[in-house]
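Letters A, B, ... are given to chains in the order of the sequence lines, protein chains preceding strands, and every chain is numbered from 1.
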Number of protein chains: 2
Amino acid sequence: MKGGVNMVQNAEEIQSKPISVIIVEDFKLTRVGLRCALNANDDINVVAEAEDAIEGLKLIEKNKPDVVLMDLGLPGMNGIEAMIKCKEMIPDIKIIALTSHDRSEEVIAALSSGASAYCLKDIDPQKLADVVRDVAIGVCWIDPMVAQMTLNALPKIDNIGFLPNKSSSEGRVPLTEREFEVLKHLVSGKSNTEIAKELIVSVHTAKAHVCSILQKMCVNDRVQAAVKAVKEGMV
Amino acid sequence: MKGGVNMVQNAEEIQSKPISVIIVEDFKLTRVGLRCALNANDDINVVAEAEDAIEGLKLIEKNKPDVVLMDLGLPGMNGIEAMIKCKEMIPDIKIIALTSHDRSEEVIAALSSGASAYCLKDIDPQKLADVVRDVAIGVCWIDPMVAQMTLNALPKIDNIGFLPNKSSSEGRVPLTEREFEVLKHLVSGKSNTEIAKELIVSVHTAKAHVCSILQKMCVNDRVQAAVKAVKEGMV
DNA sequence: TAATCCATTACCCGATTGTCTAATATTATT
DNA sequence: AATAATATTAGACAATCGGGTAATGGATTA
């Protein structure tokens with residue numbers, strides 16, 4: 001969470017490293033077009049290309065790019081499945097789903113399977129570069145053609161008893177950085193012993209952290225903490 | 001670089017009419033800040049401002065702006081309600097929800113009630129202008145801080161069904177209905193004892209179910225099961 | 001009919017968890 | 001320099017968890 005803020009500022013203020021991108025797309029012509037369009041920008045660097053998911057995953061594992069441009073209509077393993085595997089390998093990676101379809105199920109499936117953005121292939125090349133920059137810092141960007149159907153797919157909430165007061169912004173105690181580390185391991189299913197080993201501290205320390213995490217998150221056990229963390233995107 | 005978007009828009013679009021914007025925000029200082037930040041752009045024109053929802057709705061009805069910047073923490077009628085009414089009046093209007101909270105329920109509520117974008121108040125002013133342009137053409141834009149939780153809220157598609165390849169669905173053993181019930185309680189953080197009480201069975205039974213759930217889901221403990229269930233939308 | 005799967009219950013046992021109190025070192029913040 | 005917050009370690013304790021084995025009845029299917 002705190003990382004998000006930092007990343008935003010880094011991306012906007014400092015022009016350190018270019019954003020590394022991998023393209024996975026079966027049509028050679030489209031591939032070339034994408035590469036040219038993106039490489040025309042100083043701050044974006046297409047580091048590799050693949051024409052199918054298998055090859056793409058290999059390249060992604062090797063290069064660990066910031067952003068993946070993933071075509072959904074791939075032969076063999078489809079894009080959705082590839083995205084899931086991709087996210088399993090590198091949870092922090094950002095994926096832009098690229099396709100020419102605007103089928104509702106495909107859009108939702110892509111976004112709920114790890115994509116941070118959904119672009120139709122007739123997007124303006126310059127705009128695509130902007131999307132790459134946005135997505136790299138964590139923004140969710142959805143093409144106008146499919147934005148409405150995506151928003152409609154969100155669960156409706158009864159706003160009756162909706163009071164936007166201090167319920168959480170003030171009542172919520174922020175986790176320390178160390179506690180966030182512990183939380184990540186906790187979410188990945190590690191035991192206190194394993195967490196301790198990972199952080200090179202004693203089990204007592206790990207337990208202490210877990211304990212204060214539970215209290216700060218207002219939950220009773222680590223399962224609730226993990227679920228809440230996942231649902232709220234804390235990890 | 002930051003001018004990139006401007007150039008695209010200017011170059012491609014006829015610089016005909018600027019995007020008209022109405023700001024609804026109770027803090028005067030924030031209001032001024034927003035107006036200045038947006039009016040600094042030639043292609044954006046803040047046509048009116050309101051400090052509460054009632055006044056805002058009147059102004060919106062009169063001016064019919066392209067985009068509304070709506071604070072969610074308004075006194076009296078809250079922002080969500082205002083957005084719904086706003087959409088009823090002018091269905092095509094685009095709304096950017098603006099708030100300092102990052103509570104999951106509020107984000108989802110806003111987006112499912114008509115907002116096309118969700119920005120936290122610490123957004124870069126220049127970035128906000130970009131968002132206004134994006135939203136004006138129908139893009140859905142969501143702040144990095146809340147993007148993940150939004151995507152997590154999307155209904156998960158049962159990928160097994162429409163994935164042509166067996167690569168991921170092969171070794172997977174389906175859960176029985178009873179096990180699914182147990183899984184739901186497990187995800188909600190209940191202990192075996194509580195699950196047993198809920199399903200009116202003995203603790204032994206609950207444990208047996210949990211045990212086979214763990215095996216079928218190929219995980220080592222209930223935390224991993226819960227996280228996996230949430231991530232894959234099994235619950 | 002026989003075979004299979006499922007839900008159910010039971011017992012044992014070692015490992016793990018969450019809470020408590022308590023102390024010390026390190027690091028900001030003032 | 002003094003204060004506060006955080007990270008670290010420890011011991012102890014009740015409760016829970018996960019794995020193992022095993023038995024029973026019901027339902028479906030081959």
- prompt: Contact class for B/Thr205 vs. all strands (heavy atom < 4.0 Å): base, sugar-phosphate, or nothing?
  reply: base

- prompt: Separation of B/Ile200 atom CD1 from C/dA7 atom C1', in whole Å?
  reply: 15 Å

query: OP1 or OP2 of D/dA7 sitting under 4.0 Å from any side-chain N/O of A/Thr176?
result: yes

message: Measuring only between side-chain heavy atoms, which start at C-beta, is A/Ile142 closer than 4.5 Å to B/Trp141?
response: no

query: From the list D/dC17, D/dG20, D/dT9, which nucleotide is the closest neighbour of the side chain of B/Thr193?
result: D/dC17

query: Roughly, in whole Å, what's the span from CD in B/Glu179 to P in C/dT8?
result: 10 Å

field: Audit row: B/Arg178, B/Glu181, salt bridge (charged side-chain N to carboxylate O under 4.0 Å, His left out) steps and yes/no
entry: CA-CA 5 Å; B/Arg178 197 55 162 170; B/Glu181 286 186 73; 3.3 Å; yes

field: Whole-Å gap separating P (D/dA5) and CG (A/Leu175)
entry: 17 Å

- prompt: When you check the phosphate oxygens OP1 and OP2 of D/dT8, does a side-chain N or O of A/His204 lie under 4.0 Å from one of them?
  reply: no

query: Heavy atoms under 4.0 Å, any strand shown: does B/Val203 hit a base, just sugar-phosphate, or nothing?
result: nothing

- line: Whichever of A/Val223 and B/Glu177 has the more 5' nearest nucleotide on DNA chain C, that residue is B/Glu177

5′-ward residue of the pair A/His209/B/Cys211 relative to DNA chain D: A/His209

query: Atom NZ of A/Lys197 and atom P of D/dT8: how far apart are they, to the nearest Å?
result: 17 Å

- prompt: How long is the line joining CG of B/Leu214 and C1' of D/dG20, in whole Å?
  reply: 14 Å

message: In whole Å, I'd like the distance from the NZ atom of B/Lys207 to the P atom of D/dA22.
response: 17 Å

message: Side chains of B/Phe180 and B/His209, heavy atoms from C-beta outward: is any pair under 4.5 Å?
response: no

Residue-phosphate contact under 4.0 Å: B/Asn192 side-chain N/O, D/dT16 OP1/OP2: no

field: Contact under 4.0 Å: B/Arg178 side-chain N or O vs C/dT8 OP1/OP2
entry: yes

- prompt: Do B/Lys216 and B/Glu179 meet the salt-bridge criterion of a basic N to acidic O distance under 4.0 Å?
  reply: yes

field: Distance, rounded to the nearest Å, where A/Arg222 contributes CZ and D/dT16 contributes C1'
entry: 12 Å

- request: Answer yes or no: is there an ion pair linking B/Arg31 with B/Asp26, defined by an N-O contact shorter than 4.0 Å?
  value: no

query: What nucleotide, of C/dT9, C/dT17, D/dT9, holds the atom closest to the side chain of A/Ser191?
result: C/dT17

field: Nucleotide D/dA7, atom P - distance to CD of A/Glu181 in whole Å
entry: 9 Å

